[in-house]
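The first residue of the sequence shown is numbered 1, and numbering continues consecutively from there. In this text the structure is predicted, and so the values were computed from the model without any measurement. FYI, side chains are in, hydrogens and waters are out, and symmetry mates aren't considered; it's all heavy atoms of this structure.
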Amino acid sequence: MSKRPLVTRSELRRQQKQARSKQQEKTRVTKSEKLQTTQPVRQMKKNSDESKAGHFYRKPYPIKTEKSTSRTQVNQRSREMNTFLMKAIGIVAVLLVLVILAIIYL
């Protein structure tokens, strides 16, 4: 076997520089292609009225306001509604029984 290395450091550096330059050239080409393809699209969007119409027909978002109610207030209100509804159901049940009794005995 020879004592010399198969690839020297200078050759490795040269290969890395070439690889970097090729990579940079590829990125330049792809960037220029992207610009060429996106420019007509941008121009169409600027010239078309659809972009304006899209904003016109879009549903407006509701404005968020701070809620001034607390959990205790909500719970108290639900208890009040519950008692009211239970009383109403009781009254309707009593009236229904009275109507049924009136139909049967009269």
Side-chain angles (χ1 to χ4, degrees):
M1 292 192 88
S2 68
K3 293 184 179 182
R4 291 181 49 209
L6 295 175
V7 180
T8 61
R9 291 181 187 168
S10 61
E11 289 179 32
L12 282 174
R13 281 190 222 115
R14 194 175 321 119
Q15 288 175 0
Q16 288 175 353
K17 284 182 183 179
Q18 288 176 354
R20 283 187 208 136
S21 65
K22 287 180 183 179
Q23 185 67 24
Q24 288 175 352
E25 189 174 328
K26 285 182 183 179
T27 56
R28 286 182 196 149
V29 170
T30 56
K31 285 182 182 178
S32 64
E33 288 176 359
K34 285 181 182 178
L35 286 174
Q36 289 175 356
T37 57
T38 57
Q39 284 177 352
V41 173
R42 288 180 188 165
Q43 213 169 23
M44 282 176 39
K45 285 184 179 179
K46 286 181 182 177
N47 294 339
S48 70
D49 293 334
E50 292 178 14
S51 62
K52 295 176 187 174
H55 291 292
F56 180 75
Y57 291 109
R58 187 174 293 161
K59 181 180 177 181
Y61 291 106
I63 299 171
K64 294 183 179 179
T65 58
E66 292 186 21
K67 295 184 178 180
S68 60
T69 59
S70 65
R71 288 184 183 175
T72 55
Q73 289 176 342
V74 172
N75 289 339
Q76 183 180 3
R77 186 171 180 192
S78 67
R79 273 189 240 111
E80 290 172 358
M81 287 297 294
N82 188 21
T83 55
F84 172 76
L85 290 175
M86 291 304 289
K87 288 178 184 177
I89 289 172
I91 293 170
V92 169
V94 169
L95 290 175
L96 186 63
V97 168
L98 289 175
V99 169
I100 290 173
L101 290 173
I103 290 173
I104 292 174
Y105 290 112
L106 294 179

- Query: Listed by chain and number, what are the side-chain hydrogen bond (donor to acceptor under 3.5 Å, both in side chains) partners of Thr83, not counting sequence neighbours?
  - Reply: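 Partners of Thr83 by the side-chain hydrogen bond (donor to acceptor under 3.5 Å, both in side chains) criterion come out as none, since no residue qualifies.
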- Name all residues meeting the side-chain hydrogen bond (donor to acceptor under 3.5 Å, both in side chains) criterion together with Ser78; count only those two or more places apart in sequence or in a different chain, and write none if there are none.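 With neighbours one apart ignored, the set is empty.
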- Phe84: hydrophobic cluster co-members (side-chain, 4.5 Å):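 When side chains under 4.5 Å apart are linked, the cluster holding Phe84 also contains Leu85.
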- Apart from Tyr105 itself, residues in the same hydrophobic cluster as defined by side-chain heavy atoms under 4.5 Å: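 Joined to Tyr105, directly or through intermediates: Leu96, Val97, Ile100, Leu101, Ile104.
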- Query: Is there any side-chain hydrogen bond (donor to acceptor under 3.5 Å, both in side chains) pair reaching into residues 14-27, and which pairs are they, with sequence neighbours excluded?
  - Reply: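 Found none.
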- Pairing residues for Arg79 by the side-chain contact (heavy atoms from CB on, under 4.5 Å) criterion, not counting sequence neighbours: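 Partners of Arg79 by the side-chain contact (heavy atoms from CB on, under 4.5 Å) criterion, ordered by chain and then number, come out as Asn75, Gln76.
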